[in-house]
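One structure below.
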Amino acid sequence: MDNNHEFEYKGMIINGFAMIFFTWILIPALMVCFGVLGNEENLWLSVGCNIPLFICFILGCCGYFTQEPGEARVMIFFGKYVGTCRRVGYFWVNPFLTRRKLSLRLRNMDIEPIKVNDKVGNPVLIGMVLVWKIKDTYRAVFDIDSASLNVGANNASVNARALEHFVRIQSDAALREVAGHYAYDNTGTHDNELTLRDGGEAVSTLLENKINERLAMAGMEVIEARINYLAYAPEIAAVMLRRQQAAAIISAREKIVEGAVTMVDLALRKLEADDVCKLSDERRAQLVSNLLVVLCADEPAQPVLPTAN
């Protein structure tokens, strides 16, 4: 039988409150009874009965555990995986079972900004925040090596640290891969191409898929992954800022010139329609030049009035 996957624990599970009566009331009562009724003739009988009862009492005290919603216990019997218990409540199980506690609740992780190269080779700083949880308890416990993190801590904390370390490393690798698929912005690329700045949902979806591909081997899944920090690397930030400013200035100039040409055309049509004056080609060209200078100048134009000598 192949047990290399998660399945429900089907072994003996007894209500913990029922076992309290047996462990803390019945067995001590029997031990007291044998001790009181025992005499010199029945001394060895009393000792022979009390020793097994005492062993049962000690073993009975070791089988209790409480489980809250969003938790699970991986049951291991002398190295063999025998199932995962997800039941909620107070229970007693075989005291020889090793019970690995896992949290199935959602967890947040903030990935610190890392330096990567975007699609066009620009170094950028990019960070993200992700929400993840354990999906397969078998893989989460047995497919990740936590021996290197075991420094004076219990199994639960060691396993949790090993999972977080694994998620952080794989998320970092996925983030580097996704960042290489997109440029930081549209400067130097096609205008209709998705970028890290305006990719939005498409970038987040690709990021989630890449991380899930890497975490599936360890029984975990990502619910959401979002880029929460994006900036050019310090060594090129000043240059890129000037380039963005230049692009903004060019775009603004294009709008100004487009509007100025429209206004000049409207002025000429209005003059001709209202028969204000008749303009020769030379005068028309001069008027167009003057209007464009006035409308496109950064500073207000200074009027020059001709005077007769």
Side-chain angles (χ1 to χ4, degrees), residues 1-30 52-109 130-147 149-150 152-168 170 208 211-212 214-224:
M1 179 179 178
D2 183 15
N3 291 335
N4 295 330
H5 63 277
E6 178 187 323
F7 57 87
E8 187 68 22
Y9 175 68
K10 298 181 180 180
M12 179 184 63
I13 299 181
I14 303 176
N15 185 282
F17 296 102
M19 282 300 297
I20 287 179
F21 173 79
F22 179 81
T23 304
W24 294 91
I25 297 178
L26 184 59
I27 293 181
L30 291 174
L53 289 175
F54 179 75
I55 294 175
C56 290
F57 174 76
I58 296 299
L59 293 177
C61 294
C62 299
Y64 295 96
F65 72 93
T66 302
Q67 189 153 277
E68 300 177 358
E71 293 182 347
R73 292 293 199 291
V74 175
M75 303 298 190
I76 306 172
F77 185 70
F78 291 102
K80 180 182 179 182
Y81 172 70
V82 293
T84 299
C85 177
R86 295 173 180 259
R87 297 173 59 180
V88 177
Y90 183 49
F91 303 104
W92 185 91
V93 294
N94 185 345
F96 293 103
L97 284 174
T98 300
R99 302 178 293 275
R100 293 281 187 88
K101 181 180 178 181
L102 290 176
S103 174
L104 306 180
R105 298 172 179 135
L106 298 178
R107 312 184 196 186
N108 280 323
M109 180 171 291
L130 57 88
V131 181
W132 63 281
K133 68 176 183 178
I134 296 175
K135 184 178 181 181
D136 189 322
T137 58
Y138 178 90
R139 291 184 177 276
V141 171
F142 298 107
D143 289 355
I144 297 180
D145 184 13
S146 59
L149 300 176
N150 191 2
N154 57 41
N155 289 332
S157 62
V158 169
N159 196 70
R161 289 165 54 195
L163 293 177
E164 291 179 359
H165 182 72
F166 184 86
V167 172
R168 190 175 297 276
Q170 296 303 321
E208 292 172 14
I211 298 177
N212 276 322
R214 296 171 178 270
L215 297 187
M217 69 181 77
M220 293 173 284
E221 67 173 342
V222 169
I223 306 301
E224 184 181 26

Test of understanding: with side-chain hydrogen bond (donor to acceptor under 3.5 Å, both in side chains), list the residues that count as partners of E208, not counting sequence neighbours.
none
According to side-chain hydrogen bond (donor to acceptor under 3.5 Å, both in side chains), who are the partners of E8, at least two apart in sequence or on a separate chain?
none
Any residue meeting ring-ring contact (aromatic ring centres under 6.0 Å, His included) with F77, in chain and number order, not counting sequence neighbours:
none
Contacts of F142 meeting ring-ring contact (aromatic ring centres under 6.0 Å, His included) (sequence neighbours excluded), chain-then-number -> Y81, Y138
With a 3.5 Å distance limit and no angle check, can you tell me whether R105 reaches the backbone of P69 through a side-chain donor-acceptor pair?
yes
Give the C-alpha distance, both sets of side-chain angles, the deciding distance and a yes or no for side-chain contact (heavy atoms from CB on, under 4.5 Å) between R86 and L104.
CA-CA 10 Å; R86 295 173 180 259; L104 306 180; 2.9 Å; yes
Can you tell me how far apart CE (M217) and CD1 (I144) are? Round to the nearest 0.5 Å.
9.5 Å
Non-hydrogen side-chain atoms of F166 and D143 separated by less than 4.5 Å
no
For F91, check side chain to side chain contact (heavy atoms under 4.5 Å, CB included) against everything at least two apart and list the hits.
I13, F65, R87
For a 4.5 angstrom cut-off between non-hydrogen side-chain atoms, does I223 reach K133?
yes
CA sep, side-chain torsions, deciding dist, call: K101, E68, salt bridge (Lys or Arg N to Asp or Glu O under 4.0 Å):
CA-CA 11 Å; K101 181 180 178 181; E68 300 177 358; over 6 Å; no
Side-chain contact test, heavy atoms from C-beta onward, threshold under 4.5 Å: evaluate it for L97 versus I76 and give yes or no.
no
Just wondering, do N108 and L130 contact through their side chains at under 4.5 Å, heavy atoms?
no
May I ask you to test the Y64-V93 pair for a side-chain heavy-atom distance under 4.5 Å?
no
Among D136, I211, N212, whose side-chain contact (heavy atoms from CB on, under 4.5 Å) with E221 holds?
N212
Looking at T66, is its backbone amide N or carbonyl O close enough to the side chain of R73 to form a donor-acceptor pair, meaning the two atoms are under 3.5 Å apart?
yes
Hey, does M12 have a side-chain heavy atom less than 4.5 Å from the side chain of I14?
yes
Test item: E164 and W132 side chains (from C-beta on) under 4.5 Å apart, heavy atoms:
yes
Under 3.5 Å, is there a donor-acceptor pair between the side chain of E6 and the main chain of T137?
yes
Indicate the atoms forming the closest heavy-atom contact of A140 with L102, along with that distance.
CB-CD1, 4.5 Å
Contact summary for A72 and T84, nearest pair of heavy atoms
CB-CG2, 3.9 Å
Taking atom NZ of K10 and atom SG of C85, what is their separation to the nearest 0.5 Å?
13.5 Å
Determine the minimum heavy-atom distance between R139 and A216, stating which atoms define it.
CD-O, 3.9 Å
Distance, nearest 0.5 Å, that separates CG of N15 from OH of Y90
9.5 Å
4.5 Å side-chain heavy-atom contact, V82 and F7:
no
With R99 via side-chain hydrogen bond (donor to acceptor under 3.5 Å, both in side chains) - residues at least two apart
none
